**Q** 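One structure is given below, represented as structure tokens, and several questions about it will come after.
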Amino acid sequence: AQKITQTQPGMFVQEKEAVTLDCTYDTSDPSYGLFWYKQPSSGEMIFLIYQGSYDQQNATEGRYSLNFQKARKSANLVISASQLGDSAMYFCAMRGVYFGNEKLTFGTGTRLTIIP
Amino acid sequence: NAGVTQTPKFRVLKTGQSMTLLCAQDMNHEYMYWYRQDPGMGLRLIHYSVGEGTTAKGEVPDGYNVSRLKKQNFLLGLESAAPSQTSVYFCASRQTRTSGSMDEQFFGPGTRLTVL
């Protein structure tokens, strides 16, 4: 079974500051993938970044980076130079990589509010 | 490409009524999913399909049925709606190429269902 834990229900961050959203996970799969999604107030789910469990380097996509610490089972999202448009719900999710484990498991999310 | 579309966007039902939610994707994806999103609980998997003619239960399947008669469509049915099924429903799809690869999951815009 897979489990994702996001312990920060809400966060307030000053515009232009960096922010770290926490995510810890638990799985018995030897290989897995970790995802972050953004859900703005309009409701759609927007894919942000992906980290494979065997990737040697932490994933980066523009202002988003994933601080992956495999031994600690954590996959924190870092947003650099936050913008007002970053205000949204953020979900961490994971999925086993191999055939037969097709389910994406989500955490409960963190509501990020950027303060001007 | 329209991506993943959902019909309808909003619906209000009375307890005991039935309805079908339609999900359509034009990306020729093999895998399709139905999730529900409730406040404070993230997204939970209802049912999913790994190909045309196949379906499987997810985390919260009770009270729902699904069908995947055509590869591009995934239908979610509520035979006798209950107030506990008031939620936002998301459909998603993804292509799977080879074991071990990351395949981004694309989400539809969601359907907001209220059961009175």
Side-chain angles (χ1 to χ4, degrees), chain A residues 1-10 21 23 25 29-55 59 61 64 66 68 75 88-111, chain B residues 2-6 9-10 23 25 27 29-51 54-61 68 74 87-113:
Chain A
Q2 299 171 340
K3 185 176 181 181
I4 294 283
T5 302
Q6 294 181 256
T7 58
Q8 305 155 310
L21 305 181
C23 173
Y25 62 90
D29 289 329
S31 185
Y32 47 89
L34 295 152
F35 300 77
W36 277 92
Y37 283 86
K38 173 184 178 181
Q39 186 178 42
S41 58
S42 51
E44 71 269 29
M45 296 291 288
I46 301 169
F47 167 74
L48 295 178
I49 196 167
Y50 166 83
Q51 177 82 43
S53 60
Y54 283 98
D55 290 343
E61 288 287 347
Y64 304 108
L66 203 153
F68 180 50
M89 281 289 289
Y90 288 81
F91 292 97
C92 180
M94 75 176 301
R95 184 176 70 218
V97 172
Y98 295 108
F99 291 137
N101 191 351
E102 313 301 342
K103 293 166 281 189
L104 194 61
T105 301
F106 285 83
T108 53
T110 296
R111 182 171 298 281
Chain B
V4 181
T5 58
Q6 293 183 231
K9 288 185 170 53
F10 303 93
C23 175
Q25 52 93 5
M27 297 173 280
H29 285 173
E30 291 293 336
Y31 287 28
M32 297 187 74
Y33 305 82
W34 275 108
Y35 294 89
R36 62 177 288 173
Q37 183 178 26
D38 303 299
M41 301 191 73
L43 277 75
R44 293 182 292 167
L45 184 64
I46 305 171
H47 286 281
Y48 65 102
S49 168
V50 299
T54 74
T55 62
K57 293 180 180 180
E59 183 184 357
V60 288
R68 182 99 181 267
F74 195 29
S87 188
V88 179
Y89 292 84
F90 285 96
C91 178
S93 72
R94 72 180 179 99
Q95 183 61 289
T96 137
R97 287 179 284 275
T98 58
S99 177
S101 68
M102 188 285 285
D103 298 293
E104 179 187 342
Q105 199 153 307
F106 294 84
F107 284 84
T111 294
R112 187 173 295 275
L113 175 66

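Here is how names work: the chains are called A, B, and so on, in the same order as the sequence lines, proteins then strands, and each is numbered from 1. Note that this is a predicted model, so its numbers are computed, not measured. Hydrogens, waters and symmetry mates play no part in the numbers below; they use all other heavy atoms, side chains included.
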**Q** Of A:M45, A:E44, A:Q39, which meets side-chain contact (heavy atoms from CB on, under 4.5 Å) against B:F107?
**A** A:M45
**Q** For B:V88, is it the side chain, the backbone, both or neither that has a heavy atom under 4.5 Å from a heavy atom of chain A?
**A** neither
**Q** Examine whether an atom of B:F106 lies under 4.5 Å from a heavy atom of chain A, and if so say whether it belongs to the side chain, the backbone or both; otherwise answer neither.
**A** neither
**Q** What's the separation between atom OH in A:Y37 and atom CD in B:E104, rounded to the nearest 0.5 Å?
**A**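 So the gap between those two atoms works out to 5.5 Å.
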**Q** What are the two closest non-hydrogen atoms of A:L104 and B:Y35, and how far apart are they?
**A** CB-OH, 3.3 Å
**Q** With rounding to the nearest 0.5 angstrom, report the CZ to CD distance, A:F91 to B:Q37.
**A** 4.5 Å
**Q** Using the test salt bridge (Lys or Arg N to Asp or Glu O under 4.0 Å), find all partners of B:R44 that sit at least two apart in sequence or belong to another chain.
**A** B:D38
**Q** Pick one of side chain, backbone, both or neither for B:L45, based on which atoms fall under 4.5 Å of a heavy atom in chain A.
**A**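 Interface part for B:L45: side chain.
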